[in-house]
Amino acid sequence: MSEELASRLDPQAIEPARYAKWQEGGYFHVPSSRVLEDAADPYVIVIPPPNVTAVLHMGHGLNTTIQDVLIRWRRMQGAAALWVPGTDHAGIATQNVVERELAAKGCMRDDLGRDRFVTAIWNHVHETGGAILEQLKAIGASCDWDRTRFTLDDELSRAVREVFVHLHERGLVYRGEYIINWCPRCLTALSNEEAEGQETQGSLWHLRYPLPEAANSAARAASEAGADAIGQLDDGRWYLTVSTTRPETMLGDTGVAVNPKDERYAPLVGCDVELPLTGRVIPIVADAHVDPDFGSGMVKVTPAHDPNDFDIANRTGLEVLNVMTPEASMSENAPEVFRGMDRLDARKAVLVALGEQGLVAGEDAYTRSVPHCYRCGTVVEPRLSLQWFVKMKPLAEPALRASQDGTITFTPSHWQRVYEHWMENIRDWCISRQLWWGHRIPVWYCACGEEIVSREDPTDCPKCGSAELEQDPDVLDTWFSSQLWPFSVFGWPEKTPDVEAFYPGNAMVTAPEILFFWVARMIMMGYEFFGEPPFTEVYLHGTVRDMKGRKMSKSLGNGIDPLEVVNTFGADAMRYTLVSQAAVGTDISLDHEDVEAAFANGRNFANKIWNAGRFALLSVGDAPVKPLSEVEPDLALEDRWILSRLRDASQNATRGLERYRLHDVAESLYHFFWGEVCDWYLEWVKARLADDGDASSREAARSTLVTVLDESFRLLHPIMPFVTAELWSRLPWPEGKERPEDLIIASWPDGADRYEDEDAERDFAALRELIVEVRRLRKEYGVAEGERIRIHLSGADAALVDTVSAHLPALERLARVNGVEQGGSSGIGAHAVLGGGRELFVPLEGVIDLERERSRLGEQIARLQAHGEATAKKLQNENFVSRAPEDVVQKERDKLVQLEQQANTLQQKLNELGGGKS
RNA sequence: GGUCGCUUAGCUCAGCUGGUAGAGCGCCACGUUCACAUCGUGGAUGUCGCAGGUUCAAGUCCUGCAGCGACCACCA
């Protein structure tokens, strides 16, 4: 006999120990030989590697749980289910963390120098990094920890180099001077994806640029042609008007552009204009990009600080003048008074200076999307600089096709269009970062001008032989290495058995936020290096939010610590709660102010499972259990019923998992286990399990119960691995049946080995309905708990009376019924209409409140009649009868007959009780 | 500006291929004879955002509107 189990589930008492057992058993580890030699089907998921310094939050909790459910399920199905864990070096994020730490000590990264700073980060990573992986274990993540990887591992760094050099050889990596997104705080370039637009209230200022005398006639002509933007200052000088949201950039203007088709300004094209505050004179050019209908139709052109203006300059030959420093203060190219000013201070100063000269024509409120750094939130500055880029169009083509032809599927499916839209409009990717933490760009420069792009560190220049080579100081975007994750973790570019066995993988489970950052790029890389995608199913789950719909975050203080939840309610409780709420395509909302309420459902369910198991173990005892096949002839109705339901539950679960409808799976298993196994089956067989019962009946119940629990635990295991494994390990086992070491590797019950027992389902459902009705009537009429009652049954199904008679002991316990008769529903009592044309009458002489019963019957009759009329009307409708499917019509006909019959019976009853016609 | 999503019980949300609405939590009543009070039994609660349309039949499909939200975008 197993030791006494506590009446409450104590997750802390079982979860850590069980996890340790799994690790010792090596169940998480999948060697390539399982695929290559044993021919097992691989099922591979690579984890979205969390930032190495990240602290676990509920989003990780959700992401991890979903992946673990899938992995555990596939593992039970017999697949070589491999889940590869690891962490990401997270370039900017990690560097920022360490910079902040240093800053607290009054130290800047430049004080340390590159080598010592990088060492400091490594120290930090070694000290605190990877803690998140330990935290994942508390949730129950069954990752193959032997394969834990870090994007800066030597092997993975080799992959990064191989890819960079390969793409360079293909002409897809290039270096050039372009406008990029620049974070003046992080002091690095960002990709387009890393610059997050935020709607910002700002102003659109209208500025006047004076025209030199030489342009007077042209200006007058333009003005007369109806150009409102042209006018005369107080001193008689002509001016033109341009608009901007960033007035400080005017200091870097090198021209003014108009649309070549804009006839208003045609005379001015080719003229010069005076740029205020600078003493410079800049030309007016024509460029098709200018929209004549926006603002004045004249655009100030600042090639060094605006991507469009940069393009205009390239087309029209305007100069490029960078007036800002990397920190986004005004540089030495700006007039002296503004030098050193921060861009926002300069903005004000420029407006004041222009205002003094009467050159500010006005200001309109203006809301626009302003790009912010995704790591520090600073407003990103468009900046001209020399960077490395990847040419994306050729890489995107196969990745786009994969989505279009269904090779890759998205769940929920609407992400497919988002993905395709991005692929279709893909822009080149700026991959160089002016950081120190990351993969250094494998390019060396020689004084002779030679540029060496190499897989190995070169020792000397192949052209001039000089050993004085300087490596490019920049590192690669952290996502450059992340995109290789599905194969770099397996040792690529080496031809390893792991690559052969585990690439490509199957599913990618992640949040939609990184669809472009990561998912899309992994797919492109998969095609580039393998000709096939790294996975074929992309499951994008929702975001965890608080009750106000805000994303949980540290800064808002509205987060829930998953570890706290695990400690107080258990990993099983958390997993169930998350999965049951994670309907496809929806976010999850949890109350951070009432964590107990948020996870009560999961905790209660885990406890319910625990207690059901506890009861079953006590009732079944230690004696050997016979296999179900041996007790088959002794199976009672309730046994056959629950076994049939078990089959249904298995099939539902399997189908749900296949379609990523995890929330349906969780919910249907919940209702099966709690609502059917616990509420009905266990209650029903209590008596049979008692020692004093009939021996063969007891054996049949024991076998059934063990089978039901065995398979229920298997079905629940992917979602709630701990409590199920714990109980399962204590389950008595049928003689002669081989028992797996642990539930984690037990086979998945798909229900195929069971048959559906329609008779049992029907009969049991009838009994169940009867019991519920009797209970309801007892309550309604206030029949005392201890009082036994006789019931009368009538209606279409006479056989039911026999069935009920045969199960009187159960009815006695569950509904306090001590006898059943057919028909004879006369006299005073409670009357209920059951489904299937059956009626229930409970004689309650002396108990019943006649007045109340009359009105009750009246209401019930009215309801039945209304329903009947609606049904009759439907059946009178020619169109319905002729067009609806036959079975639907027949169903309606049956319904009508039944309703009329029931109404009649009740009316009769009402008459007997002396009630009037309803 | 474009694209997409959401609006269902007091709260948080399900409802896949159209056939008179569901869960969890909360609420009300009763109940601690031994699996579980993190429980049991029973109960109440919704003109499924608004207006049209398709259909025999619409929460479920179509159109428009309103409110909320997300993503994308080089209109200064």
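Worth saying up front: this structure is predicted, and the values here are computed from it rather than measured. Convention: sequence-line order gives letters A, B, ...; per-chain numbering from 1.
Here A:P512 lies out of heavy-atom contact (under 4.0 Å) with every strand. Counting any heavy atom pair closer than 4.0 Å across all strands shown, A:E785 reaches no nucleic acid atom. A:R778 comes within 4.0 angstrom of no nucleic acid atom, judged by non-hydrogen atoms across all strands. As judged by a 4.0 angstrom heavy-atom cut-off over every strand, A:K686 is placed among the base-contacting residues. No engagement by A:Y576 is indicated, since no non-hydrogen atom pair under 4.0 Å with the nucleic acid exists. Contact annotation for A:R246: no contact, since no heavy-atom pair falls under 4.0 Å across all strands. Nucleic acid contact class of A:S619 (heavy atoms, under 4.0 Å, all strands): none. Residue-level contact check: A:R603 touches the bases, meaning some heavy atom is under 4.0 Å from a base atom. In this structure, A:V772 reaches the sugar-phosphate backbone alone: every heavy-atom distance under 4.0 Å involves primed, P, OP1 or OP2 atoms, never a base. Counting any heavy atom pair closer than 4.0 Å across all strands shown, A:R813 reaches no nucleic acid atom. Nucleic acid contact for A:A612: base, since at least one base atom lies under 4.0 Å from a heavy atom of the residue. Within 4.0 Å of A:W415, counting heavy atoms only, lies no atom of the nucleic acid at all. Note on A:D679: only backbone sugar-phosphate atoms sit closer than 4.0 angstrom, heavy atoms only; bases stay farther off. Residue contacts shown for A:F310 are absent, as no nucleic acid heavy atom lies under 4.0 Å away.
In this entry the distance linking CG of A:N601 with P of B:C36 reads 21 Å, nearest Å. Here the P atom of nucleotide B:C71 and the CD atom of A:E513 are 8 Å apart, to the nearest Å. Rounded to an integer number of Å, the gap from A:E196 CD to B:A73 C1' is 15 Å. In this structure, CD of A:Q581 is placed 12 Å from C1' of B:C11, rounded to the nearest angstrom. Distance, A:H414 NE2 to B:G2 C1': 16 Å, rounded to whole Å. As a whole-Å value, the separation of A:F615 CZ from B:A37 P is 15 Å. Between the C1' atom of B:C74 and the CG atom of A:D291 lies a distance of 12 Å, rounded to the nearest Å. Rounded to whole Å, the distance from NZ on A:K608 to P on B:A35 is 11 Å.
Taking only side-chain nitrogens and oxygens, A:S589 comes nearer than 4.0 Å to OP1 or OP2 of B:C13. Between B:G2 and A:W422, no contact under 4.0 Å exists linking OP1 or OP2 to a side-chain N or O. Regarding contacts with the backbone of B:A76, a side-chain N or O of A:Y366 is found under 4.0 angstrom from either OP1 or OP2. Applying the 4.0 Å criterion to OP1 and OP2 of B:G42, one finds that A:R775 has a side-chain N or O inside that range. Between A:R655 and the phosphate of B:C16, there is no side-chain N or O to OP1/OP2 separation shorter than 4.0 Å. The phosphate of B:G69 (OP1 or OP2) has no side-chain N or O of A:R545 nearer than 4.0 angstrom. OP1 and OP2 of B:A73 both lie 4.0 Å or more from every side-chain N or O belonging to A:N425.
Side chain to side chain, A:E193 and A:W422 meet the donor-acceptor criterion of an N or O pair below 3.5 Å. A donor-acceptor contact under 3.5 angstrom links the side chains of A:K300 and A:T249, judged on distance only.
Here, B:G19 and B:A57 have their P atoms 14 Å apart, quoted to the whole Å. Going from the C1' atom of B:G5 to that of B:C28 covers 38 Å, rounded to whole Å. The gap from the C1' atom of B:G31 to that of B:C36 amounts to 15 Å, rounded to the nearest Å. For the C1' atom pair drawn from B:U63 and B:A23, the interatomic distance equals 33 Å after rounding to whole Å.
Using a 4.0 Å cut-off between charged side-chain N and carboxylate O, A:R661 and A:E667 make no salt bridge. Classification of A:E658 and A:R655 as a salt-bridged pair fails, no side-chain N sitting under 4.0 Å from a carboxylate O.
Put simply, the side chain of A:E683 and the base of B:A35 share a donor and an acceptor less than 3.5 Å apart.
Relative ring orientation between A:Y374 and A:F517 is described as parallel, the plane-to-plane angle staying below 30° on a 0-90° scale split at 30° and 60°.
Cation-pi check for A:K686 over A:F615 is met; the charged atom lies under 6.0 angstrom from the ring centroid and within 45 degrees of its normal.
With a 3.5 Å limit on both pairing distances and Watson-Crick or G-U wobble geometry required, the stems of 3 or more pairs in RNA chain B span B:1-7 with B:66-72, B:10-13 with B:22-25, B:27-31 with B:39-43, B:49-53 with B:61-65.
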For this session: Take A:K548 and A:E593 through the salt bridge (Lys or Arg N to Asp or Glu O under 4.0 Å) test and state the conclusion after the steps.
Result: CA-CA 11 Å; A:K548 289 176 186 156; A:E593 285 170 352; 5.4 Å; no
